[in-house]
There are 4 protein chains.
Amino acid sequence: MTRSLRSDAQRNRLRILEAAEVVFAMKGPSASTEEIAQRAGVGIGTLFRHFPTKKALLQAILKELAVRIATETEELVRSGEPASAFYEFFSRMVGQATKQKTVVGLLAEAGIAVSVAKPVNALRDAVEALLAGAQRAGKVRQDVGVAEVLALLTGVCQASMHADWSEELQDRTLAVVFDGLRPNPASDGGPSLLRSRSA
Amino acid sequence: MTRSLRSDAQRNRLRILEAAEVVFAMKGPSASTEEIAQRAGVGIGTLFRHFPTKKALLQAILKELAVRIATETEELVRSGEPASAFYEFFSRMVGQATKQKTVVGLLAEAGIAVSVAKPVNALRDAVEALLAGAQRAGKVRQDVGVAEVLALLTGVCQASMHADWSEELQDRTLAVVFDGLRPNPASDGGPSLLRSRSA
Amino acid sequence: MTRSLRSDAQRNRLRILEAAEVVFAMKGPSASTEEIAQRAGVGIGTLFRHFPTKKALLQAILKELAVRIATETEELVRSGEPASAFYEFFSRMVGQATKQKTVVGLLAEAGIAVSVAKPVNALRDAVEALLAGAQRAGKVRQDVGVAEVLALLTGVCQASMHADWSEELQDRTLAVVFDGLRPNPASDGGPSLLRSRSA
Amino acid sequence: MTRSLRSDAQRNRLRILEAAEVVFAMKGPSASTEEIAQRAGVGIGTLFRHFPTKKALLQAILKELAVRIATETEELVRSGEPASAFYEFFSRMVGQATKQKTVVGLLAEAGIAVSVAKPVNALRDAVEALLAGAQRAGKVRQDVGVAEVLALLTGVCQASMHADWSEELQDRTLAVVFDGLRPNPASDGGPSLLRSRSA
DNA sequence: TATGAATGAGCATTCATTCAT
DNA sequence: GATGAATGAATGCTCATTCAT
């Protein structure tokens, strides 16, 4: 098999991914393939050679994004600050979602128990590690699981994309969620009356 | 083809609204008018006679929904159980959203400070009353405002529409949010360190 | 046969015709039937009961118009001023066309050798009489026929409906046509070299 | 289905233009884009790729036509026969209009003082040159301007599209107009009583 | 392999005409 | 006879996807 053109192909693939990231980020998944191809400086045919459907391209973007975020998250895990790391991550994610419409899609997918895409699972694992660390540090309740963390994260991110969202509202919303996640100082260690199931 | 004229145009109007509710619920606002008309058992022309624009139809759905929900909510307000009413409402809403994508749109619109549509404002007011009652009863923190309540509600509803959502996950997610909303038993009465502004 | 409602029907017919005249005059034949019915204060069904097709309504309008104009024209014929009457009629028609888009359609139909509609034929006859009078008075060439008169009239009327038309342009255009219609003072009585056919 | 790509997109463009010319000629500007695409043997998408709007297509037709006619007209100007050239042009134009409804639209646009489209202005200029030549040669009155020439031309062309038009009628109509344009042999050199303004 | 022209199903919307009341 | 709600074919236009070059 001739491999001479492969490097070109690789470069194109990257260009398309970069363009798609930007465009999907700005306009969401309804952005047109044509616009992406244009921004990538590539013919529409090339785009479809690399990604057989629009959906496939979107998934690839999500994978890319998952890898990047998972990496960042793992760094946070390794940072040795389990107490703040988890909350830091949560805030950061919400902050990003405002401008990166794709983040929401990714988080939603990460919320699925087992994703088809490996990087998404990696992200989920990283979040789980973050959560576990915070729990060990006594900063997050024991009886909270990744599932609801991701659900809450997804939800707040989605909410953050609506008309009236402001930094202030974001702070106030996160304050409530964070308070719900923190161990109740009065009854630390024991589950609340409402919740008795473990993750 | 089903027939119904004159005063029974109202019946068709209702059928269209019902169909639109279902279809929009399933497919979101990008659902096609044609499909709605079909489901309503009505010609496409009839649909457009009743609602001059797809947007108008969507708004009408939201209005209908807003009226229905606002009414329910006001009943809760009057129920004389301010303690549980607020949380009841919140749960109910999330429960509905799972099957009614439109609820999310409505809540999102309700989140906007002043909506163009009267019923939406009515809903917002009802929620505000519910919240105030719960706060007076000491069941919700004083420093929480409608804005973040609606944001949280919208967020959880949106999250609830994703693949892996289950009753269990819903309960666990709501538990976190509710805990975040409840006054901290240890420091009841005084604002937390994080938040000092009142709604 | 009961005839009690006939008078109502007649009144409706008239109302529709009046409305149609106005609306077609303003917007031309592409005006919508709905608008006409509305202006007539009549249901769309009533309109179609009286005129089975939009085309039929338009034709009826043309007939109405033909009757009116034919009457006016016959009056001009009887006015005893054959010299000026013909040119007066021509100018008047062009003046009207600017605001009555239907006039053009009528003149076009009048140009057809034998119309299906009697009133249109009557109009044609009246114009012919006008022309004959002017020719007898020596104010219009002998070798000019109704056909070309109507063609010219239609043409100028149609031209008058375009963007840049002004009173000045109208005068200048009519001046040329009228000069072409007048007998050549130098060679009066004999046909020009170019034209030898008689009407 | 016929295929032709890349540089041969030009061929498709031409085919669409040709089809549009024919279809618009037959049915006027209300002809459907679908029919044009069909006649061109091209998908509707292709049509819209070449002309983003129906209006744009129509304008392109007019431009094409304007260029073609302007070229022909300039040739007539250069032919060195100013006497006959002007009348030749006028007759030719009317002859074409019978089968090309678009010619009328073009002439109408040319009648507007300054068109948006360059080719239309070029046509107008060419007609002006033709007229000036004929006037210098003493074959057309000095006090006639392009405006009324184009109005007359437009008018006769429009009239020529109606049911009963025949070659004979065309000759007779043009004879009148041409006579109106020619200097009055009896008063050659001086303006007529009716008109005193010069073009 | 890259290109971008071609494709056509799909969409929202309009309007002359029909028909149950 | 009058009404106006219902109808659906038709229109201009978009966009993901295919395929000849």
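The model shown is predicted, which means the values in this text are computed figures rather than measured ones. Residue numbers start from 1 in every chain, and the chains themselves are labelled A, B, ... in the order their sequence lines are given, proteins ahead of strands.
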Using OP1 and OP2 only, check whether a side-chain N or O of [X] sits under 4.0 Å from [N].
X     : N      : result
A/N12 : E/dA2  : yes
A/T33 : F/dC15 : no
A/H50 : E/dT1  : no
B/R49 : F/dA6  : no
C/T46 : F/dT3  : yes

I need the minimum non-hydrogen distance between [X] and [Y], along with the two atoms involved.
X     : Y      : value
A/V23 : A/A31  : CG1-CB, 3.4 Å
B/Q96 : B/I69  : OE1-CD1, 4.4 Å
D/A97 : D/V104 : CB-CG2, 4.4 Å

Tell me the interatomic distance from [X], atom [atom1], to [N], atom [atom2], rounded to whole angstroms.
X     : N      : atom1 : atom2 : answer
D/Q10 : E/dG4  : CD    : P     : 15 Å
D/L57 : F/dT11 : CG    : P     : 15 Å
D/D8  : E/dT7  : CG    : P     : 13 Å
C/L47 : E/dT18 : CG    : P     : 12 Å
B/E34 : E/dT14 : CD    : P     : 15 Å
B/E35 : E/dT13 : CD    : P     : 16 Å
A/R15 : E/dT1  : CZ    : P     : 17 Å
A/R13 : E/dT1  : CZ    : P     : 14 Å

Given [options], the nucleotide with the shortest approach to the side chain of [X]:
X     : options               : result
D/T53 : E/dT13, F/dG1, F/dC13 : F/dC13
D/I44 : E/dT13, F/dT17, E/dG8 : E/dG8
A/F48 : F/dT17, E/dT7, E/dA16 : F/dT17

>> Classify B/A31 by what it touches in the nucleic acid, base, sugar-phosphate, or nothing, heavy-atom distance under 4.0 Å.
In response: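 Sugar-phosphate contact only - B/A31 comes under 4.0 Å of backbone atoms but never of a base.
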
> Heavy atoms under 4.0 Å, any strand shown: does D/S32 hit a base, just sugar-phosphate, or nothing?
Replying inline: sugar-phosphate

> Mind checking who E/dA6 pairs with, Watson-Crick or G-U wobble, both distances under 3.5 Å?
Replying inline: F/dT17

> More than 12 foreign heavy atoms under 6.0 Å from NZ of A/K63: is that the case here?
Replying inline: no

>> Less than 4.5 Å apart, side chain to side chain, heavy atoms only: is that true for C/K55 and C/Q59?
In response: yes

> Tell me, do C/L106 and C/T102 make a side-chain contact under 4.5 Å, heavy atoms counted?
Replying inline: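 Side chain of C/L106 against side chain of C/T102, heavy atoms only: no contact under 4.5 Å found.
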
>> Between A/G45 and C/K54, which residue's closest nucleotide on DNA chain E lies nearer the 5′ terminus?
In response: A/G45

> C/K55 or A/V42: which one's nearest nucleotide on DNA chain E is closer to the 5' end?
Replying inline: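 Nearest-nucleotide comparison on DNA chain E picks A/V42.
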
